[in-house]
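Reviewing the structure listed below.
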Amino acid sequence: MSDYISHDHEHDGIDRRGFLQCMAWAGTGLLWTISGGVLVSRTLAQIAKAGAPLPATDLSFLQISDSHIGFNKDANKDVTATFQIALDRINAMPTPPAFLIHTGDITQLSKPEEFDTFDQVFKSCRTKDVFYVPGEHDVLNDGGKLYRERYLKSVEAKGSGWYSFNKNGVHFIGLVNVLDLQAGGLGQLGDEQLEWLEDDVKGLGADTPIVVFAHIPLWTVYPDWGWGTSDSERALGYLKRFGSVTVLNGHIHQVLQKVEGNVTFHTAMSTAFPQPAPGTAPSPGPMKVPAEKLRSMLGLTSVQYKQGKTALAVVDSNLS
Amino acid sequence: MNTLNPRNKKMALLCAITFLNLSIFAFAGEMKEVDTTGNKQNRIEIKDFAFNPQTLTVKSGEKITWINRDEEPHTVVSVEKQFKKSTALDTDQEFTITAGAPGTYTYFCSVHPKMTGTIVVVKS
Ligand SMILES: [Cu+2]
């Protein structure tokens, strides 16, 4: 992968290039920092060894993705258990996140009982505020009706469920790119949502940090497997003038990273099962790994923003 | 049971087509009772995010069955909305329709729209 960042802007002697090359695939915890629009990284293990908590910041939130409650095949016979482990990790964080973002595929088959199980297990999470976007698995048979009834209560959602909100000077945008997909195509935002987006960011200053989250990657990861969004270019066009844009996606069950100008694209691990690296298997279906390796390929993503510094730190940590 | 219908272009044909399909449906029903399994098996396997065979030719009135062999749910959706779409098929779940009037019917998986297939219906 040639997209990994190899700059070291922190000068603390960590060979980031090495970490990025091997650990992004292995899913080991990494701390990403955007500094002047450039990403640098440091491992979670490094921070833990130093005994220091993560730096105090004005806002920290957490991304959780692809819990696939209801999946019970070989790749993970108990996705509820691994989801619970993820919640335990959140509860154990020294600085609890202000809120969570769930980037979709809450369930495997959009069944009411799967949503029920998710909600039941989620009750153990100490962080109660969650902002959701749907995955294709959450909208299978009803176009997302049940999903919208359950998971958009705390936001002013428009259309098929997109919305925005502000926290600590950061503008968050939750987009829906899993509905009304066209034969032969990729993920899709659609005209109505794109027009809303253009309008939504119109009044914002260019120095407003933007965080965009959606299920399917908003960059072209691997079109042969449908890992991309056909009209994401138009969305990114509206965000071009901003100095700091962080795009958080799920769907591909692995950490991938790309930086394009001021825009950082990041995909999170699943809490349910890993998927193969692009093109390394006949299909993108669930990847079976040795039992002892599974939890190292599942995880969470923590994001921190320090007001006035245009800096976001993005940490991927696995569940092993 | 769902029946394939090419998109009607002329209202004048509507009655005739509807009548034709009703007869085909009745015909297919009768044949099932007599169990003429001399008919070839019109099965489409969904495996590794693909429909196999990708193009299937059947006779009017024959049944077509899709079966999902992946661990991922898939759907069968007519591109031109010419037949009722399947619900999401979990592993080993099947979906069956009865072929209606002759024509070419393209379909895709609405969960993974890269997956497309074609049914060609010929006169029985
Ligand atoms: Cu599919």
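Naming convention: chains lettered A, B, ... in sequence-line order (proteins, then strands); numbering from 1 in each chain.
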**Request:** Scan Leu181(A), Asp180(A), Leu186(A) and name whichever one has a side-chain contact (heavy atoms from CB on, under 4.5 Å) with Pro113(B).
**Result:** Leu181(A)

Would you mind checking which part of [X] comes under 4.5 Å of any heavy atom in chain A, side chain (CB onward), backbone (N, CA, C, O), both or neither?
{"X": "Asp48(B)", "result": "both"}
{"X": "Val111(B)", "result": "both"}
{"X": "Ser110(B)", "result": "backbone"}

**Asked** Using non-hydrogen atoms and a limit below 4.5 Å, what part of residues 65-77 of chain A faces chain B?
**Response** Phe71(A), Lys73(A), Asp74(A)

**Prompt:** Does a side-chain heavy-atom distance below 4.5 Å link Thr87(B) with Leu140(A)?
**Reply:** no

**Message:** Quick check for you: among Val77(B), Thr106(B), Asp90(B), Thr75(B), which has the greatest number of heavy-atom pairs under 4.5 Å with chain A?
**Reply:** Asp90(B)

**Asked** Considering all heavy atoms of both residues, which atom of Val79(B) and which atom of Ala183(A) are nearest to each other, and what is their separation?
**Response** CG2-CB, 3.7 Å

Taking everything shown except [X] itself, do over 12 heavy atoms lie less than 6.0 Å from its [atom1]?
{"X": "Lys293(A)", "atom1": "NZ", "result": "no"}
{"X": "Glu192(A)", "atom1": "CD", "result": "no"}
{"X": "Glu233(A)", "atom1": "CD", "result": "no"}

**Fill in**
Counting heavy-atom pairs under 4.5 Å with chain B, the top scorer among Ser110(A), Pro223(A), Gly226(A), Ala281(A) is Pro223(A)

**Request:** Sort out for me which of Gly285(A), Gly187(A), Gly185(A), Pro286(A) touches chain B most, counting heavy-atom pairs under 4.5 Å.
**Result:** Gly185(A)

**Prompt:** In terms of heavy-atom proximity below 4.5 Å to chain B, should Gln188(A) be classed as side chain, backbone, both, or neither?
**Reply:** neither

**Request:** Nearest 0.5 Å please: distance from the OG atom of Ser283(A) over to the CD atom of Glu72(B).
**Result:** 8.5 Å

